[in-house]
Amino acid sequence: MQSLLVFSLFFDDGDPIDARRYEAPRSVEEGIGRLFKGRLDNNRRDSTVASVRQCQVFVPYSGTLDTEVTNSAIELHLNSRRAFRLKWLEHWNNGSRQ
């Protein structure tokens, strides 16, 4: 079983977190190694806000994921991200910070 994950992160105030340039690891081991190295090097981005919000689309699949399904998942994410951000900004601007 494999999966496709499309996600976006936002700071508490609704500002999106810029994606870092990232090259996909060639193996799971390499990916895990990068995570640990980043933590050990203390090379992570620090936030000046208390937390981060995330919206995502997760699609598990077996076999091959066709282009139409991939594009649909990305489009769903882009639409939900837009709606999420607008609602969060409305919440933030109304002084309802939680």
Any chain of hydrophobic side-chain contacts (each under 4.5 Å) joining L5 to V59?
no
Transitive ILVMFWY side-chain link L9 to V57, under 4.5 Å:
no
Residues in side chain to side chain contact (heavy atoms under 4.5 Å, CB included) contact with N71, at least two apart in sequence or another chain:
T67
State plainly whether one hydrophobic cluster holds both L65 and I74, where clusters connect Ile, Leu, Val, Met, Phe, Trp and Tyr through side-chain heavy atoms under 4.5 angstrom apart.
yes
Value rounded to 0.5 Å, distance of OH in Y61 from OG1 in T70:
7.0 Å
Are L89 and F84 in one and the same hydrophobic cluster, where Ile, Leu, Val, Met, Phe, Trp and Tyr link if side-chain heavy atoms are under 4.5 Å apart?
no
If I compare all heavy atoms of S8 with all of H77, which pair ends up nearest, and what's the gap?
OG-NE2, 2.8 Å
When you group the ILVMFWY residues by side-chain heavy-atom contacts below 4.5 Å and let the links chain together, are W88 and L86 in the same group?
no
Can you pull out every salt bridge (Lys or Arg N to Asp or Glu O under 4.0 Å) where at least one residue sits in residues 75-88? Sequence neighbours excluded, please.
D15-R85
So which atom in L4 and which in A73 form the shortest heavy-atom distance, rounded to 0.1 Å?
CD2-CB, 3.9 Å
